[in-house]
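Some notes on the structure that comes next.
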Amino acid sequence: MKILTIDTSTSTCSAALSIDGRCAGEYLLEAERHPSERLLAAVDLLLRDTGMELEELDGFGVALGPGSFTGVRIGVATVKGLALATGKPAVGFSSLAMLALNLPWSSLPVCTLFDARKKEVYGGLYRVTPAPEPVIVDCVAPPERFLEAIEGEAIFVGDGAIRYREAIESILGHRAFFAPAHCHQPRASAGALLAGELLRTGAAVPLPLLNPTYIRPSEAELARMCQKAV
């Protein structure tokens, strides 16, 4: 099974081409912005360097969030466009679950944290054996509130774990462990494992139903809500 997987949910933009679960190529770039032109160029580069045509792919995968509102929209829109152009199925998955796969077979629950700004984090807690199984479902909350819900030990990963390390150590103490530096970036090649399983089990959804998972309202939605309240 040949799958193209895309993740633009954080400041790390990545695209991966996998063949039967093996990563044939991956493009990864740390950048604050994710122009759609750069993402499509990465897809073209992957296909060209692996000698594969877009029509040869069996399906597509995309991280639905939570994460950057603009980034997630770009990734989902790109995958929808490619799926529509080729007539191939597409699936989506949690960006936090994808990050948990950076620590497969961890003996401890894996706590994935993205910095959600506004003094909040997007967080999830997973057992990864090897597929990520949620212990605390993806949510957005002040870091202190999220951390208080964690029972026992956990290993932390993600840019939110880096930013709020002091708070994590203060609240959890010796129960908190931290992933190595190279594990904190989300990778589309890890998401490809989730996409492959979803496609294998026939979990693709109609493209109109493949939508971002924002968890909290965007600034524009908040503004509209305020207007309605007035």
Side-chain angles (χ1 to χ4, degrees), residues 2-19 21-47 50 57 59-83 88-104 110 112-116 121-124 126 128 131-132 138 140 157-162 179 182-199 203-205 207 210-215:
K2 305 177 184 68
I3 304 171
L4 176 70
T5 305
I6 286 173
D7 170 48
T8 53
S9 54
T10 69
S11 60
T12 298
C13 170
S14 61
L17 181 62
S18 60
I19 302 175
R22 175 179 57 85
C23 182
E26 184 173 26
Y27 173 97
L28 186 147
L29 179 67
E30 179 76 15
E32 287 300 322
R33 299 181 182 276
H34 304 295
S36 56
E37 296 83 0
R38 181 177 296 170
L39 183 57
L40 290 173
V43 171
D44 287 339
L45 180 64
L46 278 173
L47 292 172
T50 55
L57 297 175
F60 301 90
V62 63
L64 299 176
S68 161
F69 284 66
T70 301
V72 170
R73 280 198 301 270
I74 288 175
V76 172
T78 299
V79 162
K80 280 187 172 183
L82 294 172
K88 300 298 175 65
V91 293
F93 47 81
S94 161
S95 54
L96 291 169
M98 175 185 66
L99 180 60
L101 281 172
N102 283 1
L103 297 168
V110 177
T112 52
L113 295 176
F114 291 154
D115 180 9
V121 292
Y122 294 119
Y126 292 89
V128 189
D138 296 358
V140 60
V157 64
D159 60 6
I162 296 173
H182 69 277
C183 293
H184 290 291
Q185 285 182 310
R187 306 189 70 103
S189 56
L193 299 175
L194 296 173
E197 181 64 18
L198 289 169
L199 289 168
V205 298
L207 293 182
L210 188 69
N211 294 312
T213 302
Y214 292 133
I215 294 183

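- Counting heavy atoms from C-beta outward, S95 and Y122 have side chains that stay 4.5 Å or more apart.
- Smallest separation of non-hydrogen atoms from G123 and L113: CA-CD2, 3.7 Å.
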Legend entry - Derivation and outcome, side chain to side chain contact (heavy atoms under 4.5 Å, CB included), residues V43 and I6: CA-CA 9 Å; V43 171; I6 286 173; 4.2 Å; yes
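- The side-chain hydrogen bond (donor to acceptor under 3.5 Å, both in side chains) search around N211 returns K80, not counting sequence neighbours.
- Between atom CZ of residue F69 and atom CD1 of residue I215 there is a gap of 9.0 Å, rounded to the nearest 0.5 Å.
- The side chain to side chain contact (heavy atoms under 4.5 Å, CB included) check on A192 picks up T5, S18, with sequence neighbours excluded.
- The CD1 atom of I19 sits 6.5 Å away from atom OG1 of T50, with the distance rounded to the nearest 0.5 Å.
- Among all heavy-atom pairs drawn from D7 and A63, the shortest one is OD1-CB, 3.2 Å.
- Under the side chain to side chain contact (heavy atoms under 4.5 Å, CB included) criterion, A90 pairs with F60, V79, A83, L207, L210, not counting sequence neighbours.
- A 4.5 Å side-chain heavy-atom check between P66 and D138 finds at least one atom pair inside the cut-off.
- When all heavy atoms are compared, the tightest approach of Q185 to N102 is O-ND2, 2.9 Å.
- Distance CG/D159 to OG1/T112: 10.5 Å, rounded to 0.5 Å.
- Counting only residues at least two apart or in different chains, salt bridge (charged side-chain N to carboxylate O under 4.0 Å, His left out) contacts with residues 8-18 are absent.
- Put simply, the side chain of S14 gets close to the backbone of A188: a donor and an acceptor are under 3.5 Å apart.
- Between V157 and V110 the shortest side-chain heavy-atom distance falls below 4.5 Å.
- Evaluation of the salt bridge (Lys or Arg N to Asp or Glu O under 4.0 Å) rule for D115 yields R163 as partners, not counting sequence neighbours.
- Remark: S189 pairs with E26 by the side-chain hydrogen bond (donor to acceptor under 3.5 Å, both in side chains) rule, at least two apart or across chains.
- Between the OG atom of S94 and the OH atom of Y126 there is a distance of 3.5 Å, given to the nearest 0.5 Å.
- Smallest separation of non-hydrogen atoms from L199 and A204: CD2-CB, 4.4 Å.
- Here the shortest heavy-atom pairing between A179 and L103 reads CB-CD1, 3.9 Å.
- Every residue two or more places apart in sequence or in another chain that forms a side-chain hydrogen bond (donor to acceptor under 3.5 Å, both in side chains) with T70 is listed here: R73.
- Between the side chains of Y27 and D44, no donor-acceptor pair is found at a separation under 3.5 Å.
- When all heavy atoms of V76 and V62 are compared, the pair lying nearest together is N-CG2, 3.8 Å.
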Inset, instruction - Let me see the working for V91 and L194 under side chain to side chain contact (heavy atoms under 4.5 Å, CB included), right down to the final yes or no. - result: CA-CA 9 Å; V91 293; L194 296 173; over 6 Å; no
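- When the side chain to side chain contact (heavy atoms under 4.5 Å, CB included) test is applied to A131, no partner is found at least two apart in sequence or on another chain.
- The CG atom of L99 lies 8.5 Å from the OG1 atom of T10; values are rounded to the nearest 0.5 Å.
- For the atom pair CG (L47) and NZ (K2), the distance works out to 12.0 Å, reported to the nearest 0.5 Å.
- Every side chain to side chain contact (heavy atoms under 4.5 Å, CB included) that I162 has, sequence neighbours left out, goes to H184.
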